[in-house]
Structure formats: structure tokens, C-alpha cells
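Note that the structure is a prediction, hence the values are computed from the model and not measured. In the text below, chain A, chain B and the rest are named by the order of the sequence lines, each starting its count at 1.
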Number of protein chains: 2
Amino acid sequence: MPKQRQGTPVSMLARQLTILDAFDAGTAFLTLSEIAERSGLPMTTTHRLVGELVEERMLERLPDRSYQLGLRLWELAARTPRAMGLREIAYPMVQLVQNQVRQHTQLGVEGGYDVVYLERMSRSDAVVNATIVGGRISLGASAIGHVLLSDRPKEFLAEVVESGIRRYTDKTPQTFAELLELVERAREVGYSIAEGFIHPAARGMAAPIYGADGQVLAGLGVVVPSGGPVDMRIVELLRRAARGVSQQMRAAYIDPNHPNALPGAKFRVLINSSKSSMEYFDEDGS
Amino acid sequence: MPKQRQGTPVSMLARQLTILDAFDAGTAFLTLSEIAERSGLPMTTTHRLVGELVEERMLERLPDRSYQLGLRLWELAARTPRAMGLREIAYPMVQLVQNQVRQHTQLGVEGGYDVVYLERMSRSDAVVNATIVGGRISLGASAIGHVLLSDRPKEFLAEVVESGIRRYTDKTPQTFAELLELVERAREVGYSIAEGFIHPAARGMAAPIYGADGQVLAGLGVVVPSGGPVDMRIVELLRRAARGVSQQMRAAYIDPNHPNALPGAKFRVLINSSKSSMEYFDEDGS
DNA sequence: CCCTCATTTCCGATGATTGGAAAACTCACT
DNA sequence: AGTGAGTTTTCCAATCATCGGAAATGAGGG
């Protein structure tokens, strides 16, 4: 008599995602048994689920019987407004900043209690930088995180602290009070500085990108060597570039012929908002 | 007594994907009932599945109760070797071609019986072009499709024809014989020309990108005005750029410190292959 | 306030899902 | 070719998560 479903009241979807998540940043290829081991699912169940995922092209099987993440994921992701949508629209501005500052330049949005990095342009000679495209870092530790948090209620900051901010250096914010001060300051001045929070030699700088309804959608930032006075020219460049992205986002929402149009009748919602949004757009980014 | 599961022997995963697929290229935002209608699932089932998808951040709920595709999809897609992996690696070469040719430049891989476009760079003054990033066009109708097919058995070509090639113009290949001739020619000369197959005024040109094991992984192409002789300088540029991408791909596979490294012990498989792969790499693309 | 339409909760019937056991297959090494 | 350790696939009976109709609840417009 087989022992059945003892301690597993989990949804199908959660299990499928456990399997997909087995492919982390350092692991592009896995065999069936490796997937089973990493996901903690029984072999048989893994076997069936992997089969279904291959059927749907979420996974692909290679000639040597190992698996990799499939194209179907990309096809879906390409339609994600907050990720590909934003990334494509922001690209020219990220490049502009990168050309001027010639250091790591990155674009990130909020995902859970982390910043999810959508874009990262680097120079080989730039200072160290822990992030990768598609990677995550706690909202509490990153300059982009702080501008994202500057738009959110205090309770959310508390949750971020609660969730645990990895202590990269002895300067990484760890308490609610520390984080609150940094975030409030970011809101007041309209940008954030993260001096040695992730690496002693690195200073993060970031400015907010606003959605059409005036809320903070994303952050645009650079990583420069730490120490010395803050270069306000970089701050101004970031703010201007971020405003340019905001404007392009708005154009993409309201103009169905925009090269990166985000279609679907969202007009009312995006325009009849409490906050006027026009104030955020004053630079042509095309 | 409720009528139960009559004609629905479908897997959970297939239903979830039906829901995600309801968000097509022209539809970034949908309400619950719109999702139910588009996916053809009963309201109640849709409600539960959408709830689970939101829970897992595959969908996101907006303040006006509509839904959009979620960041989780992006995070997974960012680790897809054949999509993001290739796209990021190929980017500089695509840009190089675009700068020289100053027409639509695109990068595509095989997905089912279609080309899936990973990248597309355009000029506002360039000729018409039907493709979008993340979009699909039958392998049989596209220049990139023909170079992808040039590496595949005849039986697969037959399946492509079987699957139905949309008749964009009266030149769009429709029969197995037509397609076979085009694809064989592409294999012989190492590039493909699609004269008016998708639009009367457009000529597609493409060259193959090879994986480390010598098989065709992707195609790099341009869309130029149709008519007149084929510009062999463009053909050579495409072939050279495509070879550069091939080389970078190989570097990403074997060097874990490559900026776009594709990690995971694939050495044996990729190197101990029947075909020698060195012949494909003769240009430094960095 | 009322009415309409959209969303959510409820719940009994049921079949898709589960996972142990065993068979089948791979591949490295003789 | 033969052996054997490891991996992958098939099989199948028990069962619990899923299904969807019905009804309650909520939202928004007039």
C-alpha cells in the first residue's frame, strides 16, 4: 500500500515553479535527477511535471538528456509591461547615462522585498558590482531600492526589514530606523545615495522613474567608487534621464503607435489619477 | 448535482498557460472576466487559477482590479540560454549590422514551427516589417526561418508546410518543393534571401549563428527594400557578424567569467561533438 | 438608493495527481 | 560484447486537490 500525499498540501503551480526555480543564476543546465534533488520533489512526480513543462515548451530537452529553461518563458516575458516593456523603453536613457558616467549603470523595479534588475551596463574597468540582470538584492540594501521604497508606506519598510536584509558590509542598513531615515531623505531630495552598503568600495546612486499615475515605477542608478564628495552632476544626469524614461513610458501607454506601445484600454485609470502626472515629464527622450 | 469535468482532460499547466496566453501582443491588461472569456475557462476556475498565478507573481493585480503579466516571468526568462542568453550576447553584433545597413535588423530562433524574434532594431525610415520582439512568423515564410531550417531534416520541413504557412503575398512559399529548394540553397551558399515573401516591398536576408556543437542556433537578418540585385556586401556583413556571435556564444559556454556566462557543466557535450566547431569562429566580436 | 455586472465564496462529486515499486535504459569501464 | 551503478521511465491503486454550478457579495453608474 503506497504512502500517499502525506505532508504536501501544495498547489500544482507551486511545484512547477519549484522545478523552474531549480535553474538559478549559476545553473543553466540540469538533468532530471538534479532537478528532483534541487526541488525536493519525488523522482516520479518530477518526471511527470518536467514532461508537461517540456510539452508546453517551458523547458527544453537537450540531446544529452539534460534540460534548460525554454523559449516559452521568453515569449511570455516579452509581453510583461513592468519588465520587458520598461526595459526596452528605458534602454536609450540607460545607455546615455552609461556613456556619460562610464561606470555600472542599472535599472531595477520592485519584486517582493527585493530590487529585480532589468538592465545592467558595465565597463570592465568599473568598480565591483554584485548585481546581474534578472538578479535580486534586498530593497533595503540598494540605492535603487531606496527610491522604490520612497513611494511606499512605512509598514512596507518594516516588512522589508522583517524579511531580513543581508549584511553585505557593516554599513548595510539593518534596522527600521536606519532604513526609514535613508528612504525619507531619498523622497525629500529626489534621489538616493548608498555609500558602501553592498561593497565597501562602491557607492550606489539612483533616481526614481515615475509611472503615468505619478507613482514610482522603477529606479535608474549607477555604481561609482565610494569616498569623496557626491558628484552632483551625476545626480542631475540620473534625475534627468529618469524623467526622460518616465515621459517615454507615458507615451507608450497613451500612443498605440509608439514603438514600445503598451496596449489595452488603460487610459482612464492612468490619467484620472489623484496626482497630476505632467509635472514629471519635461524632457524629450527620443 | 453539479455537472462535473465532462470534456476536459487537460493538465493544470495547460490551463494556466491558456490564461497567460490571453495576454497577447495587443493586450497588456485584462480583467478577470476578460481572461475567462479569452481563455474559454469557466469563471470559477479562472478565478482560482488567476489567484494562484498572482500568488506566485506570474500575474500582477493593478489597483483597478485588472491584471498584467508579472515580473516572475521575466526573472525566469532572464535565465533562458536560448533567449536572453543569446540576445544579450548577440546585442553588439546586431547593433553593428544595424549601424551599417540602417534598415530593420533582427535576431530569431526556432520555436515550434515559427521563428521567434529575440531582437529587432529599426529605423523609422526603413521599409515595412511585420515582426515584433517576442513575436512569431512561420519558419517557412522568413529569411531567418530558412537558415534555421537549413540545419534540419527534410521531415521537419514537411511538418512546417503541414502546419500551414500563412500566405502573406503570392510569393510566400506554400509547397514542400518550394521550401525545400529555398532551404537547400540557403545551406549551400550559407545565407538566405526572402524576396517579397512577407511583404511585396521587403527583401529579407539572413545568415546562420552556430552553437558550439556546430548546429544552427539562431539567425541574424535584415529587411531591405525589395527589387534590384542582391547587395553582397550586406551578405558578407551578416555572415561575419553571425560568426562573431557564434564565437561569443562559445566563449560564454566555456568561460565561467565571461560577462554573459552560461554556466553548468556542459563542457563535454558541447566540445566532444561530432562536428568540429572551430571552423565557425574566426572573428573577434568583443 | 437601486440596478446591473463583475467578483468571490461555498461545497459535494470526481478524476487528475501522487509516489512506491519495478522495469527499462544509459553509459563508463572492462 | 559483458557487467554493473546510476538514471530514467512505466505502472497503478489510493486519495485529495480540482472542478464548476449556484448563490452571496461587492463595485460602479445613474
Side-chain angles (χ1 to χ4, degrees), chain A residues 1-19 22 29-56 58-68 264-274, chain B residues 1-19 22 29-56 58-68 264-274:
Chain A
M1 192 192 307
K3 204 195 331 177
Q4 302 287 140
R5 284 195 207 189
Q6 19 171 8
T8 3
V10 209
S11 79
M12 276 302 319
L13 180 65
R15 298 194 161 196
Q16 293 154 3
L17 282 172
T18 304
I19 287 177
F29 310 96
L30 290 172
T31 65
L32 184 61
S33 12
E34 287 169 331
I35 295 172
E37 184 181 17
R38 281 170 171 251
S39 61
L41 298 172
M43 261 303 292
T44 314
T45 302
T46 307
H47 179 258
R48 185 176 47 87
L49 290 179
V50 164
E52 285 177 13
L53 288 165
V54 168
E55 188 75 28
E56 296 292 350
M58 308 278 285
L59 282 181
E60 290 165 5
R61 187 167 211 188
L62 301 176
D64 73 335
R65 346 186 98 235
S66 69
Y67 297 88
Q68 68 182 109
K266 296 304 290 181
F267 289 76
R268 282 165 292 108
V269 185
L270 290 165
I271 293 174
N272 293 353
S273 184
S274 48
Chain B
M1 195 192 305
K3 205 196 326 180
Q4 301 289 139
R5 285 194 206 185
Q6 17 172 8
T8 4
V10 209
S11 78
M12 275 303 318
L13 180 65
R15 297 194 164 199
Q16 293 154 2
L17 282 172
T18 305
I19 287 178
F29 310 96
L30 290 171
T31 65
L32 184 61
S33 12
E34 287 169 330
I35 295 173
E37 184 180 17
R38 280 169 172 252
S39 61
L41 298 173
M43 260 305 290
T44 313
T45 302
T46 307
H47 179 257
R48 183 175 47 85
L49 290 179
V50 164
E52 285 178 12
L53 288 164
V54 168
E55 187 75 27
E56 296 291 349
M58 308 278 285
L59 283 180
E60 290 166 6
R61 186 166 211 189
L62 300 176
D64 72 335
R65 346 186 98 235
S66 68
Y67 297 88
Q68 67 182 102
K266 296 304 287 182
F267 290 74
R268 279 165 295 110
V269 185
L270 292 165
I271 293 176
N272 293 354
S273 185
S274 49

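Spacing between atom OH of B:Y67 and atom C1' of C:dT7 amounts to 8 Å, rounded to whole angstrom units. A:L32 places its CG atom 15 Å from the C1' atom of C:dA24, with the value rounded to the nearest Å. Distance A:D64 CG to D:dT8 P: 10 Å, rounded to the nearest Å. Atom-to-atom, CZ of A:R61 to C1' of C:dT26 comes out at 12 Å; the value is rounded to the nearest Å. What separates CG of B:L30 from C1' of C:dA6 is a distance of 15 Å, to the nearest Å. A straight line from CG of B:L41 to C1' of D:dG21 spans 16 Å, rounded to a whole angstrom. Rounded to an integer number of Å, the gap from A:L49 CG to C:dA16 P is 15 Å. Note: CD1 (A:I19) to C1' (C:dT17) measures 13 Å, nearest angstrom.
Partner of A:Y67 under the side chain to side chain contact (heavy atoms under 4.5 Å, CB included) criterion, out of A:T31, A:I19, A:L32: A:L32 alone. The side chain to side chain contact (heavy atoms under 4.5 Å, CB included) test with B:I35 singles out one residue from B:L30, B:L41, B:L49, and that residue is B:L30.
Take B:E34 and apply the salt bridge (charged side-chain N to carboxylate O under 4.0 Å, His left out) test, not counting sequence neighbours, and it matches no residue.
A:M43 comes within contact range of at least one nucleobase, with a heavy-atom separation under 4.0 Å.
Side-chain N/O atoms of B:T44 include none lying less than 4.0 angstrom from OP1 or OP2 on D:dG21. Listed pair A:R15 / C:dG19 meets the phosphate criterion, a side-chain N or O lying under 4.0 Å from OP1 or OP2. Side-chain nitrogen and oxygen atoms of B:H47 include none within less than 4.0 Å of the OP1 or OP2 phosphate oxygen of C:dT7.
The residue among B:L13 and A:R65 whose nearest nucleotide of DNA chain C is located toward the 5' end is B:L13. Mapping B:P42 and A:T31 onto DNA chain D by nearest heavy atom places A:T31 at the nucleotide closer to the 5' end.
The nucleotide whose nearest atom lies closest to any side-chain atom of A:S33 is, among C:dT7, C:dT26, D:dT7, D:dT7. Distances were taken from every side-chain heavy atom of B:M12 (C-beta onward) to each of C:dT26, D:dT18, C:dT7; the shortest belongs to D:dT18.
To the nearest 0.5 Å, the span separating OG1 on B:T44 from NE2 on B:H47 amounts to 9.0 Å.
Between A:L17 and B:M58 there is a side-chain heavy-atom pair separated by less than 4.5 Å.
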